[in-house]
Amino acid sequence: MLPRSFFARDALEVARDLLGARLQRGGVALRITEVEAYRWPGDTASHGRHGRTERNDALWGPPGTVYIYLCYGMHHLLNLVTGADGEAAAVLVRACEPLAGLSTIRRRRGGRDGPVLLNGPGKVGAALGLDLGWNGHAVYLPGGLEAYRGTPPKEVLRGPRIGVDYARSTDRAAPWRLAVGESAWVGYRSRLK
DNA sequence: CGTCAGATGATC
DNA sequence: ATCATCTGACGC
């Protein structure tokens with residue numbers, strides 16, 4: 001498993017090293033193919049930009065824990081908290097390649113048929129069956145949601161983060177979205193290089 | 001490939 | 001009012 005110390009670094013470094021890593025919960029296993037770094041301090045795209053609140057409290061927690069929040073009233077987005085305790089930094093998991101548990105993933109996303117494409121953060125949260133109850137969960141401990149070392153990417157693509165138009169222009173343009181180059185499970189591929 | 005609207009609900 | 005999204009519809 002990835003040790004707690006793995007997460008106690010700058011979010012951009014952790015993001016790079018999380019590409020190819022594995023997330024596992026019960027019979028469902030995913031390979032991380034796309035991430036975004038939300039850094040500390042001074043990142044105006046981060047949920048921590050207005051200070052600590054009830055909703056983002058877990059974001060300020062110790063490294064190696066989980067920050068989940070409800071996005072647009074529908075999707076539970078998964079962040080892995082990085083840096084030091086008391087800092088608001090994390091890596092958002094945007095896309096994954098399913099490795100095991102396809103039938104469970106299919107069931108969790110509802111009755112729809114069609115191919116399983118985990119090419120968006122809401123889909124990743126749904127595939128893992130996450131909700132707000134997972135806030136603060138430690139992924140370096142066995143049981144529940146776990147993070148493992150995986151196969152590093154051959155090529156890393158980079159581009160601006162998605163959906164952060166509200167941020168300062170420098171933060172909006174910062175190439176802190178990272179993706180596995182050879183993976184089909186990546187969203188907005190044309191915005192990467 | 002691109003854009004767009006509507007769903008949907010907690011938060012500050 | 002805002003929002004780190006998804007889906008389906010439509011146009012090129």
Side-chain angles (χ1 to χ4, degrees), chain A residues 7 10-12 14-16 18-19 23 30 32-61 65-83 87-98 105-137 139 145 157-179 184-193:
Chain A
F7 299 94
D10 184 284
L12 190 54
V14 178
R16 167 63 182 78
L18 276 173
L19 289 178
L23 290 172
L30 310 178
I32 298 176
T33 56
E34 181 185 346
V35 293
E36 280 176 357
Y38 288 85
R39 302 173 77 184
W40 178 268
D43 184 355
T44 63
S46 167
H47 279 185
R49 66 192 180 281
H50 293 141
R52 197 164 186 160
T53 68
E54 192 170 342
R55 171 170 97 144
N56 69 29
D57 189 70
L59 173 62
W60 300 79
T65 59
V66 153
Y67 165 50
I68 309 271
Y69 78 97
L70 184 62
C71 183
Y72 294 101
M74 274 170 279
H75 309 292
H76 290 95
L77 271 50
L78 169 63
N79 290 264
L80 301 173
V81 176
T82 67
E87 298 178 355
V91 174
L92 169 68
V93 181
R94 286 198 62 90
C96 290
E97 168 188 349
I105 293 172
R106 210 160 262 165
R107 177 161 36 81
R108 282 176 176 160
R109 78 172 177 177
R112 301 188 324 284
D113 46 350
V116 172
L117 268 186
L118 305 184
N119 56 352
K123 298 175 184 177
V124 172
L128 290 169
L130 301 179
D131 57 33
L132 297 181
W134 288 87
N135 251 328
H137 171 80
V139 295
L145 180 63
L157 302 178
R158 291 164 204 273
R161 292 170 291 182
I162 301 295
V164 294
D165 288 345
Y166 55 83
R168 194 173 51 199
S169 64
T170 50
D171 293 329
R172 212 182 317 145
W176 296 343
R177 178 163 76 107
L178 279 56
W185 288 265
V186 170
Y188 306 103
R189 180 168 284 276
S190 63
R191 299 190 209 177
L192 296 167
K193 62 187 179 191

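Letters A, B, ... mirror the listed sequences (proteins, then strands); counts begin at 1. All figures in this text were calculated on a predicted structure; none of them were measured in a lab.
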Next on the checklist: Only Watson-Crick and G-U wobble pairs, only distances under 3.5 Å, only runs of 3 or more: what stems does that leave for DNA chain C?
Outcome noted: B:1-7 with C:5-11, B:9-11 with C:1-3
Item to check | Test side chain to side chain contact (heavy atoms under 4.5 Å, CB included) applied to A:Ala58 - qualifying residues, sequence neighbours left out | outcome: A:Tyr67, A:Asn135
Checklist outcome for this item: Smallest heavy-atom separation, A:Leu92 atom then A:Pro121 atom, equals CD1-CB, 4.3 Å
Item to check | With sequence neighbours excluded, residues passing side chain to side chain contact (heavy atoms under 4.5 Å, CB included) with A:Asp57 | outcome: A:Arg52
Checklist entry - What integer distance in Å separates A:His50:NE2 from C:dA4:C1'? => result 14 Å
Checklist entry - For A:Lys123, does its backbone N or O pair with a side-chain atom of A:Arg109 as donor and acceptor, under 3.5 Å? => result no
Checklist outcome for this item: Shortest non-hydrogen pair, A:Ala11 vs A:Thr82, comes out as CB-OG1, 3.4 Å
Checklist entry - Reading nucleotides 1-12 of chain B from the 5' end, what letters show protein touch, with B for base, S for backbone sugar-phosphate only, - for no heavy atom under 4.0 Å? => result -S----BBBSSS
Checklist entry - Between A:Arg108 (CZ) and C:dC6 (P), how many Å, whole number? => result 17 Å
Next on the checklist: Once you apply a heavy-atom cut-off of 4.0 Å, does A:Leu92 come out as touching a base, just sugar-phosphate, or nothing?
Outcome noted: base
Item to check | Aromatic-base stack, A:Tyr69 on C:dA4, cutoff 5.5 Å, angle under 30 | outcome: no
Next on the checklist: Can you give me the closest heavy-atom contact between A:Trp185 and A:Pro98, atom names plus distance?
Outcome noted: NE1-CD, 3.4 Å
Next on the checklist: Quick test of your reading of the model: are A:Asp171 and A:Arg49 salt-bridged, counting only N-O distances below 4.0 Å?
Outcome noted: no
Checklist entry - What's the shortest heavy-atom distance between A:Ile68 and A:Asp131, and which atoms? => result CG2-O, 3.8 Å
Next on the checklist: For A:Leu70, give me all partners under side chain to side chain contact (heavy atoms under 4.5 Å, CB included), at least two apart in sequence or on another chain.
Outcome noted: A:His76
Checklist entry - Tell me, for nucleotides 7-12 of chain C in 5' to 3' order, what letter each nucleotide earns: B for a base near a protein heavy atom under 4.0 Å, S for only sugar-phosphate near one, - for neither? => result S-----
Item to check | Nearest heavy-atom neighbours spanning A:Val81 and A:Leu59 | outcome: CG1-O, 3.7 Å
Checklist entry - Any idea which heavy atoms bring A:Cys96 and A:Thr33 closest together, and the distance? => result N-OG1, 3.4 Å
Next on the checklist: In whole Å, I'd like the distance from the NE2 atom of A:His76 to the C1' atom of C:dA4.
Outcome noted: 14 Å
